[in-house]
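Since this is a predicted model, take the numbers as computed values, not measurements.
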Amino acid sequence: MNTFNQIIRGILFFFLALFGMAAALIFMISTAIAVGILYVVARIKGRPFGVKAYWAERRTPSTPKNIFKNKDITDVEMREIP
């Protein structure tokens, strides 16, 4: 009976390992397709494709830091809320 249980566990482990490898393969293929689409879109827009270019683009702010258009602000009124 013990040998039979070990055989069943071995077969179950084998099929579980096969399922895990198939899931990993599907994940790798979908990631490769996504990276390929990002590469094609970057080439069409004329931008470089790479980690260095991505981080350089993300670090530069798209809007200026000065959100106040009037630079003549000299006083700010504050009050405490009880």
Result of checking Leu18, Leu16, Ile11 against Phe14 for side chain to side chain contact (heavy atoms under 4.5 Å, CB included): Leu18
Qualifying residue, where the test is side chain to side chain contact (heavy atoms under 4.5 Å, CB included) with Ile37 and the options are Val35, Ile33, Val40: Ile33
Rounded distance (nearest 0.5 Å) linking atom CD1 of Ile7 with atom CG of Asn2: 10.0 Å
Shared hydrophobic cluster for Ile44 and Leu38 (ILVMFWY, side-chain gaps under 4.5 Å): no
Non-hydrogen atoms of Pro48 and Ala42 that approach each other most closely: O-CB, 4.5 Å
OH (Tyr39) with more than 12 external heavy atoms under 6.0 Å: no
Pair listing, salt bridge (Lys or Arg N to Asp or Glu O under 4.0 Å) test, anchored in residues 47-56, at least two apart: Arg47-Glu57
Within one Ile-Leu-Val-Met-Phe-Trp-Tyr cluster: Phe27 and Phe19, side-chain cutoff 4.5 Å: no
Atom pair CD1 (Ile29) and CG (Leu25), whose distance is rounded to the nearest 0.5 Å: 4.0 Å
